[in-house]
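Some notes on the structure that comes next.
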Amino acid sequence: TELVEHSPDLEVVSFALLSCIPLILVSKGAVDIGVVNPLTTLASCMPTKGLKHIVESAIPGSKNLVVAVLIFFAVNLLASAAPEQAHVTLPKKFAALDPDGNGVLTGPEFEAIVRAFTVKVLSALFYFELGLFGMCALQKPNGYNPQNNDVIDTYWRQLDYRRPKAVALYLALNALILASTVGAALRAWGLSPKSILALGGVGGLAFGLASQNLVGNFMSGILLIVNR
């Protein structure tokens, strides 16, 4: 900051170089060293297969989120390289992008637009990865035969035997995670789930009437699973 204040001509170069640092960290495997390797080590220390599976389920999402945060900083630092005195006259079809509506996009306005957009993307990605982690953690590892008597193995064993309570809990948790993820992602973009549901009510009614057989078969399948 002091360098730019004393030499304004270096502002673009300084921020452009700073934006390269997060990208270099990603390309050189810093995320694996700082996130993947510690979580893998932590998973190997877990006393049960269930706890190990939960930690392992968090690895892909954690890696993606850290990469996204680094790219977020890179993009915003690069946007900060735009000089304050810079201005671009927008075409009429893009005039809505200008915050003050005068059709002239300045450097600070461009920086604010990029920041607002990337914050929404990062927030939506966070909720998506969190929901994906929850759904993956509920799934039993492939080829694993639960034999222990801890809570997780007992739940997986009852799910394998298609116990009604276990199946109902599994379906309810997945539905709750899915609904929460979609709702949170929509709110991150500034959209109201209630408004979208209201707008889609007529279309949903038409789709429901047109897919009665599909819905009936789906519900029959759930009843067969629950009642064995």
Side-chain angles (χ1 to χ4, degrees), residues 17-80 114-161 163 165-190 193:
L17 291 175
L18 285 173
S19 68
C20 295
I21 296 177
L23 299 179
I24 293 173
L25 290 174
V26 173
S27 64
K28 296 300 182 180
V31 178
D32 289 334
I33 297 173
V35 178
V36 178
N37 293 348
L39 286 178
T40 302
T41 303
L42 178 63
S44 64
C45 298
M46 290 293 103
T48 64
K49 181 68 176 180
L51 293 176
K52 180 180 179 181
H53 170 68
I54 292 176
V55 176
E56 288 177 342
S57 299
I59 294 177
S62 300
K63 179 180 178 179
N64 292 338
L65 284 176
V66 173
V67 171
V69 169
L70 290 173
I71 294 175
F72 168 83
F73 280 112
V75 171
N76 280 273
L77 285 168
L78 189 59
S80 299
V114 172
R115 181 170 60 250
F117 177 76
T118 53
V119 165
K120 291 180 180 179
V121 172
L122 189 62
S123 300
L125 180 63
F126 169 77
Y127 291 120
F128 172 78
E129 291 292 351
L130 188 62
L132 193 61
F133 159 70
M135 298 183 75
C136 290
L138 289 175
Q139 297 283 347
K140 186 189 72 173
N142 292 330
Y144 174 63
N145 185 21
Q147 299 292 339
N148 298 326
N149 293 322
D150 58 275
V151 176
I152 299 176
D153 268 31
T154 301
Y155 163 73
W156 281 339
R157 191 161 52 248
Q158 291 182 353
L159 198 60
D160 284 342
Y161 294 154
R163 302 297 185 192
K165 291 182 179 179
V167 174
L169 178 62
Y170 174 79
L171 294 175
L173 288 175
N174 274 278
L176 178 62
I177 292 172
L178 181 61
S180 301
T181 301
V182 173
L186 289 174
R187 283 191 292 271
W189 279 96

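Here, residue 1 is the first one in the sequence, and each next residue gets the next number.
- Looking only at side-chain heavy atoms (C-beta outward), Asn149 and Arg157 come within less than 4.5 Å of each other.
- At most 12 heavy atoms of other shown residues, nucleotides or ligands fall within 6.0 angstrom of atom CZ in Phe73.
- Ala43 and Lys52 make their closest contact through O-CG, 3.3 Å (heavy atoms, listed as atom of the first residue, atom of the second, distance).
- For residues 23-45, no residue pair satisfies the ring pair (Phe, Tyr, Trp, His ring centres under 6.0 Å) rule, not counting sequence neighbours.
- One distance of note links CG of Asp153 with NZ of Lys140; it measures 10.0 Å at 0.5 Å rounding.
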Output a table of donor-acceptor pairs, distance under 3.5 Å, between side-chain atoms of residues 116-135 and any protein atom two or more places apart or on a different chain; print 'none' if there are none.
from	atom 1	to	atom 2	distance (Å)
Thr118	OG1	Asn76	ND2	3.1
Thr118	OG1	Val114	O	2.8
Thr118	OG1	Arg115	O	3.1
Ser123	OG	Val119	O	2.8
Glu129	OE2	Asn64	ND2	3.2

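- The line from CG of Leu65 to CZ of Phe72 is 13.0 Å long, rounded to the nearest 0.5 Å.
- Atom CG of Leu78 and atom CG of Leu17 lie 10.5 Å apart (nearest 0.5 Å).
- Nearest heavy-atom pair across His53 and Pro141 is ND1-CG, 3.5 Å.
- Taking CE from Met46 and OG1 from Thr41, the interatomic distance works out to 11.0 Å, rounded to the nearest 0.5 Å.
- The CG atom of Leu186 lies 10.5 Å from the OG1 atom of Thr181; values are rounded to the nearest 0.5 Å.
- Residues Ala166 and Gln158 share a closest heavy-atom pair of CB-CB, 3.7 Å.
- In this structure, CG in Asp32 is found 11.0 Å from CG in Leu39, a value given to the nearest 0.5 Å.
- Proximity of Ile21 to Leu77: side-chain heavy atoms (C-beta onward) are nowhere separated by under 4.5 Å.
- Between Ser62 and Ala58 the shortest heavy-atom distance is OG-O, 2.6 Å.
- Side-chain contact between Tyr170 and Gln139 is present, with heavy atoms from C-beta onward closer than 4.5 Å.
- Around the NZ atom of Lys63, the shell of radius 6.0 Å holds no more than 12 heavy atoms that belong to other residues, nucleotides or ligands.
- Here the side chains of Val31 and Leu70 are in contact, with some heavy-atom distance below 4.5 Å.
- Counting heavy atoms from C-beta on, the side chains of Ile177 and Leu138 come closer than 4.5 Å.
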